[in-house]
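Structure, as structure tokens:
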Number of protein chains: 2
Amino acid sequence: METPQPLFSKLPLFKEPELKEALLKHGQLLAFNKGDVIVKTGQYVRFLPIVLKGSIRVFQQKEDREVSLYYVRSGETCTMSLAAAYFNNKSVSHGVVMEPTEVLIFPANFLTEWQLQFPSWNQYIITMFRKRYDELINTFEGVVFDHINVRVMEYLKRKSLIEESRIIDISHQTLAKELGTTRVVISRILKQFEREKKVKLLRGQIEIK
Amino acid sequence: METPQPLFSKLPLFKEPELKEALLKHGQLLAFNKGDVIVKTGQYVRFLPIVLKGSIRVFQQKEDREVSLYYVRSGETCTMSLAAAYFNNKSVSHGVVMEPTEVLIFPANFLTEWQLQFPSWNQYIITMFRKRYDELINTFEGVVFDHINVRVMEYLKRKSLIEESRIIDISHQTLAKELGTTRVVISRILKQFEREKKVKLLRGQIEIK
DNA sequence: ACAGGACGGTATCAAAAGATACAAAAAACA
DNA sequence: TGTTTTTTGTATCTTTTGATACCGTCCTGT
């Protein structure tokens, strides 16, 4: 591994030199492209990924439907993989790369070892879990209590905030797969929003008004 | 605190004597009765509970609808409270006692301190998180992809397995609140199941055939 | 320029879920 | 015992969501 310093600039949580050493020694830097599959539902998780650049979409699938759980971004790891690896369980989700992405992977069996050795590793794992946990509960609430139109609007508004733009680049199909429904439903709802002057629809884009 | 030994027999994960000492010193043993509210949505979480006996139902509420997230049982703690306390956020769920329950509570500000001091405390927190996380993802999948009748049957079968009985003691109303729907919907589905000879309905009980 | 694919609009139909209302039976309680 | 509450059954109606199908437009690669 050639570039240790830039690597850890993305991982400020890791304090102990020994932990950095262990990561460099047992880890491997991999580059993925859009569409590459990191983990499939039903697979055992032998390696844990830490994303350095880019993002991984973690989602669930049933027949031809999908729903996003979360995105793993720079500095983050995939809690679903974590949970699966701890239990030595199979993955319950898919992980697919969304853009050119660099990942540091390391063997899952170091998990418990590092957990006992390095406080900052612990801190990192717990931070990841509580972040995802919070997100998940939030989404869960929406799915249980809200109608899809509400969830669509909330999705758009959140996305708009994050990207600091009133225009969101997303197709109806992709939006459907984010929220766990079908394209026709999304198109119908968006058209209704447009009639109500809440959005303006363009090809591949949605403008919030 | 008078009975330290029986207390820690419920918490085999806690290894360090100093951790046990700290728990005894800063913790407080409380007894609750059915219906007592441990935490409300919107409240800040200042104390974390570890259940010693009994159980706490953690659920979300919107208007007159509810959905269960999980039950905190002997030896366990409430991850939702944990996540809230870490972030210094308000609780996003309710926690209500379901039966006579004994709880060890301690100030939330010891969380990070103990996390740095005691490996077994870390182990405990992470174990709790990944357990709940797994459960939550599972339930989430059901809510997104499955129709309620499927979820009802799965609930009944799981409950039947856990309680090692073909007869499940639950009212339609309670079942509705477990799954996040309404009583009428549950009654309708159960009646259909009965017509299909899948269950037998009794007052307050459902027998799986 | 052309073919094929992605994208979006829309109509029709069916199923699922929810809202509301009323009634009967059983249980709890006083 | 009489009253109240809980539990369940059921009918009706509406809304939401999903499934399917068809078409036109735009984009992309060759």
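Letters A, B, ... mirror the listed sequences (proteins, then strands); counts begin at 1. Everything quoted here is computed from the prediction, not taken from an experiment.
- A:K15 is not listed as a side-chain neighbour of A:Q123, based on a closest heavy-atom distance of 4.5 Å or more.
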Quiz prompt | Contact state string [nucleotides 20-29 of chain D, B base, S sugar-phosphate only, - no protein heavy atom under 4.0 Å] | solution = BB---BBS--

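- Nearer the 5' end of DNA chain C, as judged by each residue's closest nucleotide, is the contact made by A:L201, out of B:H147 and A:L201.
- Across the helix from C:dA1-D:dT30 to C:dA30-D:dT1, the helix axis at one end is tilted relative to the axis at the other end by 50° (nearest 10 degrees, each axis from five pairs).
- To the nearest angstrom, P of D:dG9 lies 13 Å from NZ of B:K200.
- One interatomic measurement links the two molecules: CE of B:M153 to C1' of C:dA16, which rounds to 18 Å at whole-angstrom precision.
- Contact annotation: B:R151 side-chain N/O to C:dA16 OP1/OP2 distance is not under 4.0 Å.
- Under the 30°/60° scheme for interplanar angles, the aromatic rings of A:W114 and A:F106 are found to be tilted.
- A salt bridge links B:E194 with B:K191: at least one charged nitrogen is closer than 4.0 Å to a carboxylate oxygen.
- Here C:dG18 presents its P atom at 14 Å from NZ of B:K62, a figure rounded to the nearest Å.
- Per the geometry, CD1 belonging to B:I186 stands 17 Å off C1' belonging to D:dT6, to the nearest Å.
- Residue contacts shown for A:L190 are absent, as no nucleic acid heavy atom lies under 4.0 Å away.
- One side chain, B:S68 or B:E178, offers a donor N or O that lies under 3.5 Å from an acceptor on the other.
- Between A:P107 and A:F47 the shortest side-chain heavy-atom distance falls below 4.5 Å.
- With a 4.5 Å cut-off on side-chain heavy atoms, B:R57 and B:K177 count as touching.
- Not counting sequence neighbours, the partners of A:V67 by the side-chain contact (heavy atoms from CB on, under 4.5 Å) test are A:Q60, B:F140, B:V144, B:F145.
- Residues A:V58 and A:C78 have side chains in contact (heavy-atom distance under 4.5 Å, counting atoms from C-beta outward).
- Contact check, B:T181 against C:dG18: a side-chain N or O comes under 4.0 Å of OP1 or OP2.
- Counting to the nearest Å, the C1' atom of D:dG9 and the CD atom of B:Q173 are 15 Å from each other.
- Residue A:I206 is classed as having no contact, given no heavy-atom separation below 4.0 Å to the nucleic acid.
- In this structure, A:D64 and B:R188 both approach DNA chain D, and ranking their closest nucleotides by distance from the 5' end singles out B:R188.
- Computed from coordinates, the B:L175 CG to D:dT6 P distance equals 18 Å when rounded to whole Å.
- Between A:Y133 and B:Y70, the ring planes lie tilted relative to each other; the angle falls in the 30° to 60° range.
- What separates CZ of A:R195 from C1' of C:dG9 is a distance of 10 Å, to the nearest Å.
- For the pair A:K191 NZ and C:dA11 P, the computed distance is 11 Å after rounding to whole Å.
- Residue contacts shown for A:L202 are limited to sugar-phosphate atoms, with no base heavy atom under 4.0 Å away.
- With contacts defined as side-chain heavy-atom distances shorter than 4.5 Å, the pair B:R151/B:T181 does not qualify.
- Contact annotation: A:H172 reaches the phosphate of C:dG9 (side-chain N/O to OP1 or OP2, under 4.0 Å).
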